[in-house]
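Naming: A, B, ... by sequence-line order, numbering from 1 per chain. Since we're looking at a predicted model, the values are computed, not measured.
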Amino acid sequence: MKILTLHCDYIRFKPVKKAISKPEEIKKGAREIKECLVVLSAVEKKDEKYKDAIVKNLITEVRDIAKQVKAKKIVLYPYVHLTSEPSSPSTALYILKQAEKKLSKTKLKVVRAPFGWYKEFEIKCKGHPLSELSREISIEEVAKKEKEEIKGEGKMKELFVILPTGEIKKKKQVSKKEYPEIKIVIKDELGERKKEGKEPPHLRLMRTMEIASHETRVSDAGNLRYLPKGKLIVDLIKDLCREVFVVRLGGMPTKTPCIVSKEDPGAKWMMEQFPERLYKVLPGRAEKRQEFYLRPACDYGTLSILKDASISYKNLPFGLYEFENDSWRYEQRGELLGMYRIRNFMMADLHTMCADINQAFREYEKQIKQFAIQIYYEIGFKPVAVVLNCKEDFFKKYKKQFVEWVKIFKMPIIVKLFSVMKTYKIAWVDVVALDNLKRSMEVTTVQLDTETPKHWDITYTGKDNKKHYPIILHTGIGIDRTIAAILENAASQKNPILPFWLSPTQVRIVPISEKFIEQAQDLAVELNEEEPFVRADIDDRPLHVERRILEAEQEWVPYIVCIGKRELDKQVLSVRTRITGKVKEMKAKEFKKILQEGQGGMPWKPLPLPKLLSKRPKFV
RNA sequence: GCCUCGGUAGCUCAGUUGGUCAGAGCACUACCUUGGUAAGGUAGGGGUCGCGUGUUCAACUCACGCCCGAGGCUCCA
């Protein structure tokens, strides 16, 4: 079937003469329809076998186009001249009538021009780029669309909640009074959250706080550059990830290449799931023919290691950990957003091989609890729900196990069932947290995968001395979006402040005049190089005290210490605390105790900037 | 990728219905101020008005194309 769509100011037509022996009866004579999408259509011989599939695809196509051009009225206009191989008139009439009937059930208003008549007509086409489109509708198209649907979306069949009591409730049965936070999460999971329509605050903050900005001069869209303060935050989070994945969960650190090829069938299979999201890399020398791709995740290298390894059931379970300083996904132009959706991003990933489903479940639970939930507390968020995206049959088979989860995690499980999953992950958990403004966010994920080992031919030797496919857990956290979330959460407070351990400057020392710079230096050395280590710097610029206090506050410095004659005489420190905005005199020992508590054993790194502010350039 | 809005100094922005319109504040530099917890004063340097093409005697201003950012779709291993 061929169609030509015209977005029109108006169309007028009037049947004049019979074109076939038994044309349709005419109900109305001349008609005029304004502001409409005219669909000139010709049904072809090859369509006769698949009438209903053609109708289905026709309406999808027409609805798509109508939506794009924002047309509310459709005029179905038989126009056999688009093809040289027309179908029988009865087939054509059937398809048009069916399309009319089905389109009428949508919000579109449909008019069908009479079939089998020569008509005079007048039309005024709008002439914008989308106003004229021709489409070929065929059974292959139908098949392709269906395939895309399976791969692209996988329609959700059901959403329900397993409450901490163990009861299973549909979304409507969850009371807002009792579980207000769960209601928020459910809404978001269903995509019902009201869009704010504003720029997210982290966009401005990431620049003004000298954390990161878009690199538009020498790179592609969606590539960030991190400034020293931002890089420090990245490194601290990286240390935390290592603590969690290596020390806490026993993952073994690895590092694999950033460019990968499609040569291996496993890699090829994986890449072909999202071919449009790959960055291609071409070697500079022409004689090198091989094409590479920037890795969309570290899975390729990690799976390759697993494929080469000799693995006994006695080794299982075990995990390989990689901090991905760089991974790339060529996201669509309109999808890019600040630090949330970028093309070059950082992730921390753990891939765990498990012998069987029971072992996988035990690991799954351990990782969700000790990583996916726990890490939110460590970065200052409140985790409120575990969201399980699961293949329907898999859930039914292991329902008992999943219901147990509410006891293990002590939070509700929101279950979304799919007849077909979007990817090769069969059960996919995201943990959702709320920030200070009760906005939901998800940065951690644990996914159970039974398919990848088969495609990559990754096996282990079992007790029976036979090869078995393991189950792989993919566990990860997106670093950039975590930082964005931390920034937004920080900004939502009255006195915006980063968690103490992530504050680039933890203590700012302000000498009252240049006479006291030396003493300030001594204090800075003491704080930076002795227990409890903190990042302290000195504002030695010849500005008035008020001014330097102002700037320290604008930088969200948690503690400001002034040094002058008074302090030296009394042997105390004047400490201004950002959270309270109050100044208190205290002994150095007392201050250090406060700092130690603030640090709370979280990762620490030295100041990545000159200690003297007079030596620092302004990056923004 | 589609629709909408935007891009003028390092930053935040004003402005030009095509021609004395290259502007402000902050930042930066110099000098004065030696100060006590959120902005001390004076002077100065700095811009191919995102990029390209076209229309015009004349384009920062108009048209078209492209790049970049945001909002809304679509989407998100």
A:Thr208 side chain to A:Arg204 main-chain N or O, any donor-acceptor pair under 3.5 Å?
->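 Yes, because the side chain of A:Thr208 sits within donor-acceptor range (under 3.5 Å) of the backbone of A:Arg204.
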Please check if the side chain of A:Arg578 supplies one atom and the backbone of A:Pro496 the other of a donor-acceptor pair under 3.5 Å.
-> yes
Can you check the [X] [atom1] to [N] [atom2] distance for me, whole Å?
| X | N | atom1 | atom2 | result |
| --- | --- | --- | --- | --- |
| A:His544 | B:G40 | NE2 | C1' | 4 Å |
| A:Leu224 | B:C68 | CG | P | 14 Å |
| A:His214 | B:G10 | NE2 | C1' | 18 Å |
| A:Glu335 | B:G69 | CD | P | 13 Å |
| A:His455 | B:A77 | NE2 | C1' | 14 Å |
| A:Leu278 | B:C75 | CG | C1' | 16 Å |
| A:Met209 | B:C11 | CE | P | 18 Å |
| A:Arg341 | B:G72 | CZ | P | 13 Å |

Quote, to the nearest angstrom, the [atom1] distance that separates [N] from [M].
| N | M | atom1 | result |
| --- | --- | --- | --- |
| B:G6 | B:G15 | P | 12 Å |
| B:C57 | B:G1 | C1' | 43 Å |
| B:U74 | B:C2 | C1' | 8 Å |
| B:G7 | B:A14 | C1' | 15 Å |
| B:C67 | B:C26 | P | 38 Å |
| B:A24 | B:A43 | P | 13 Å |
| B:G54 | B:A58 | C1' | 15 Å |
| B:C5 | B:C21 | P | 29 Å |

Salt-bridged, A:Arg541 to A:Glu551, with N to O below 4.0 Å?
-> yes
Look at A:Glu392 together with A:Lys157 and state whether they make a salt bridge at an N to O cut-off of under 4.0 Å.
-> yes
Which word best sums up how the rings of A:Trp269 and A:His455 line up, parallel for under 30°, tilted for 30 to 60°, or perpendicular for over 60°?
-> parallel
RNA chain B: A:Phe619 or A:Met271, which has the more 5' nearest nucleotide?
->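 Whichever sits nearer the 5' end wins; that is A:Phe619.
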For A:Pro200 and for A:Arg204, locate the closest nucleotide of RNA chain B by heavy-atom distance; then report the residue assigned to the nucleotide nearer the 5' terminus.
->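 The residue whose closest nucleotide sits nearer the 5' end is A:Arg204.
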Verify the distance criterion only: is there a donor paired with an acceptor across the side chains of A:Glu442 and A:Thr444 at less than 3.5 Å?
-> no
Does a side chain donor of either A:Tyr340 or A:Asp480 reach within less than 3.5 Å of an acceptor in the other side chain?
->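 No, no side-chain donor-acceptor contact under 3.5 Å.
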Listed partners of A:Lys307 passing salt bridge (Lys or Arg N to Asp or Glu O under 4.0 Å), at least two apart =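 So A:Lys307 forms a salt bridge (Lys or Arg N to Asp or Glu O under 4.0 Å) with A:Asp264.
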Does A:Arg333 make a side-chain N or O approach to OP1 or OP2 of B:C68 shorter than 4.0 Å?
-> yes
Under 4.0 Å between a side-chain N/O of A:Arg576 and OP1 or OP2 of B:A38, yes or no?
->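 Yes, A:Arg576 has a side-chain N/O under 4.0 Å of OP1/OP2 on B:A38.
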Intermediate values then yes/no, ring pair (Phe, Tyr, Trp, His ring centres under 6.0 Å), A:Tyr293 and A:Tyr279 = CA-CA 6 Å; A:Tyr293 300 86; A:Tyr279 268 106; over 10 Å; no
So which nucleotide from [options] ends up closest to the side chain of [X]?
| X | options | result |
| --- | --- | --- |
| A:Gln332 | B:C75, B:G36, B:G35 | B:C75 |
| A:Tyr300 | B:G36, B:A77, B:C75 | B:A77 |
| A:Ser574 | B:U34, B:G36, B:C68 | B:G36 |
| A:Leu203 | B:U34, B:G36, B:A70 | B:A70 |
| A:Ser513 | B:A77, B:U12, B:U34 | B:U34 |
| A:Phe274 | B:G36, B:C76, B:A70 | B:C76 |
| A:Leu550 | B:C76, B:A39, B:C68 | B:A39 |

Picking from A:Arg616, A:Lys611, A:Lys229, A:Lys615, what satisfies salt bridge (Lys or Arg N to Asp or Glu O under 4.0 Å) with A:Asp537?
->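 Of the listed residues A:Arg616, A:Lys611, A:Lys229, A:Lys615, the salt bridge (Lys or Arg N to Asp or Glu O under 4.0 Å) partner of A:Asp537 is A:Arg616.
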Students often get this wrong, so: under 4.0 angstrom with heavy atoms, is [X] touching a base, only sugar-phosphate, or nothing?
| X | answer |
| --- | --- |
| A:Leu337 | sugar-phosphate |
| A:Glu514 | base |
| A:Gly338 | sugar-phosphate |
| A:Lys425 | sugar-phosphate |
| A:Ala297 | nothing |

Using nucleotides 27-29 of chain B, report all nitrogen or oxygen pairs with the protein that are shorter than 3.5 Å.
residue : atom : partner  : partner atom : Å
B:A27   : OP1  : A:Arg547 : NH2          : 2.1

Does A:Tyr330 have A:Arg343 sitting over its ring (NZ/CZ under 6.0 Å from centre, angle to axis within 45°)?
-> yes
Trace of the side chain to side chain contact (heavy atoms under 4.5 Å, CB included) decision for A:Gln332 with A:Arg277 | CA-CA 8 Å; A:Gln332 285 180 55; A:Arg277 285 175 200 279; 4.0 Å; yes
Stems in RNA chain B, runs of 3 or more consecutive Watson-Crick or G-U wobble pairs with both distances under 3.5 Å, sorted by first number, are B:1-7 with B:67-73, B:10-13 with B:23-26, B:28-32 with B:40-44, B:50-54 with B:62-66
